[in-house]
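Step one of this worksheet: look at the structure below.
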Amino acid sequence: MDTFSIALPDEAAVGAAAKPGGGRAAAGVLGLAGPAFVDVFARAGHAAFRRDLERLAAAAAAGRAHAPQVRAGWENLKLQLRRHHDLQAGALWPRVERAVAGHGPDLGVVAELRAEYEGIGPLVVALDAALEDDERGSGELVSAVRALRAALEVHLRHEEAGVLALARRVLGPADWAGFAADAVSACGSQGVSGGVSGGVSGGGGCGEGTVPWLVDGIAPLERSRFLTALPREVREMNRMRWEPRYRRRRLWSV
């Protein structure tokens, strides 16, 4: 199996983020909040987007993009992208904007990201259309995948070097606690079961739908480090329920 790097932070950084004053007071998504969310979940999510688009590009180049599991993988990728963006645009970016109010250059960083994401939507629609129309040649589909990969890569790099770095610098404990509360609320709207964010049926909520997706195909050492950063309850839920169900879906297989 191919392996992918998610550039996890060192253990000291994760531990520091979980200490009092680091946003842990209102433990958020899957038990991680504040800078730990930025360093662990956001960057792992970015790596997973890149991984899945690489898989879609390979399937398109091989003429297999219409295979059912490839289509299911694409639908899941769109869902994860929407969750990722909605959480950051709705809960993180506004807090950064308030924290840097009156400082044009920093506000411009967030404005640039918002504009970039507006441009990604039409590319997703175009790729959907290329997948739905069997009359179109494979070259058009390959081009649509290439265009989305290029635009999303620019967006993710700007997010990593811009807003995520800015958030770590300007947000305080109260901001991170509020972000965590919003994240919990967002997960709750997608299904919460057993006291862990994320449902246990269908496509899954924040936990079931996201944790196994994040660790899909990553190197064993990085997988271990990522899962170790999560609360024990979440690791057990992933091992016993979420990941087996995710694997049965056989996303991207052709």
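The structure displayed is predicted, hence computed values, not measured ones.
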Which heavy atom of [X] sits nearest a heavy atom of [Y], and at what distance?
X: Glu243; Y: Val215; result: OE2-CG2, 3.9 Å
X: Ile120; Y: Leu152; result: CD1-CD1, 3.7 Å
X: Ser253; Y: Arg250; result: OG-O, 2.8 Å
X: Ala167; Y: Leu92; result: CB-CD1, 4.1 Å
X: Leu113; Y: His158; result: CD2-CB, 3.9 Å
X: Val70; Y: Ala65; result: CG1-O, 3.4 Å

Straight-line distance of [X] [atom1] to [Y] [atom2], nearest 0.5 Å:
X: Trp252; Y: Asn76; atom1: CH2; atom2: CG; value: 8.0 Å
X: Leu56; Y: Arg146; atom1: CG; atom2: CZ; value: 12.0 Å
X: Glu233; Y: Asn238; atom1: CD; atom2: CG; value: 12.5 Å
X: Asp128; Y: Leu148; atom1: CG; atom2: CG; value: 10.0 Å
X: Arg64; Y: Gln69; atom1: CZ; atom2: CD; value: 10.0 Å
X: Leu251; Y: Asp52; atom1: CG; atom2: CG; value: 8.0 Å

> Would you say His103 and Val170 make side-chain contact, with heavy atoms under 4.5 Å?
Replying inline: no
> Could you walk me through whether Trp242 and Val234 pass the side chain to side chain contact (heavy atoms under 4.5 Å, CB included) check?
Replying inline: CA-CA 10 Å; Trp242 299 343; Val234 174; 3.8 Å; yes
Salt bridge or not between [X] and [Y]? Use side-chain N to carboxylate O under 4.0 Å.
X: Glu160; Y: Arg50; result: yes
X: Arg157; Y: Glu153; result: yes
X: Arg249; Y: Asp216; result: no
X: Glu54; Y: Arg51; result: no
X: Glu222; Y: Arg225; result: no

> For the residue pair Trp93 and His85, does the interplanar ring angle fall in the parallel (under 30°), tilted (30 to 60°) or perpendicular (over 60°) class?
Replying inline: perpendicular
>> Using the rule side chain to side chain donor-acceptor pair (under 3.5 Å), only one of Arg82, Gln88, Gln80 pairs with His84; which is it?
In response: Gln88
> Shared ILVMFWY cluster between Val154 and Val145, side chains joined below 4.5 angstrom?
Replying inline: no
> Going only through I, L, V, M, F, W and Y residues with side-chain contacts under 4.5 Å, is there a path from Val125 to Leu127?
Replying inline: no
>> One pair to check against side chain to side chain contact (heavy atoms under 4.5 Å, CB included): Leu87 and Phe179. What are the steps and the verdict?
In response: CA-CA 9 Å; Leu87 180 59; Phe179 169 76; 4.1 Å; yes
>> Using a 3.5 Å distance criterion without hydrogens, assess whether the side chain of Arg95 forms a donor-acceptor pair with backbone atoms of Gly178.
In response: yes
>> Looking at Ser224 and Pro220, would you say the former's side chain and the latter's main chain have a donor-acceptor pair under 3.5 Å?
In response: no
> Does the pair Trp74 and His66 meet the rule for a ring pair (Phe, Tyr, Trp, His ring centres under 6.0 Å), with working shown?
Replying inline: CA-CA 10 Å; Trp74 166 238; His66 296 282; over 10 Å; no
> Does Asp106 have any salt bridge (charged side-chain N to carboxylate O under 4.0 Å, His left out) partners at least two apart in sequence or in another chain, and if so, which?
Replying inline: Arg169
>> Just to verify, what does Asp86 make a side chain to side chain donor-acceptor pair (under 3.5 Å) with, not counting sequence neighbours?
In response: none
> Would you say Arg71 has more than 12 foreign heavy atoms packed within less than 6.0 Å of its CZ?
Replying inline: yes
> Taking it one step at a time, do Phe49 and Trp213 satisfy ring pair (Phe, Tyr, Trp, His ring centres under 6.0 Å)?
Replying inline: CA-CA 10 Å; Phe49 293 140; Trp213 171 73; 5.4 Å; yes
>> Run the side chain to side chain contact (heavy atoms under 4.5 Å, CB included) test against Pro94 and tell me which residues pass, sequence neighbours left out.
In response: Glu97, Arg98, Arg114
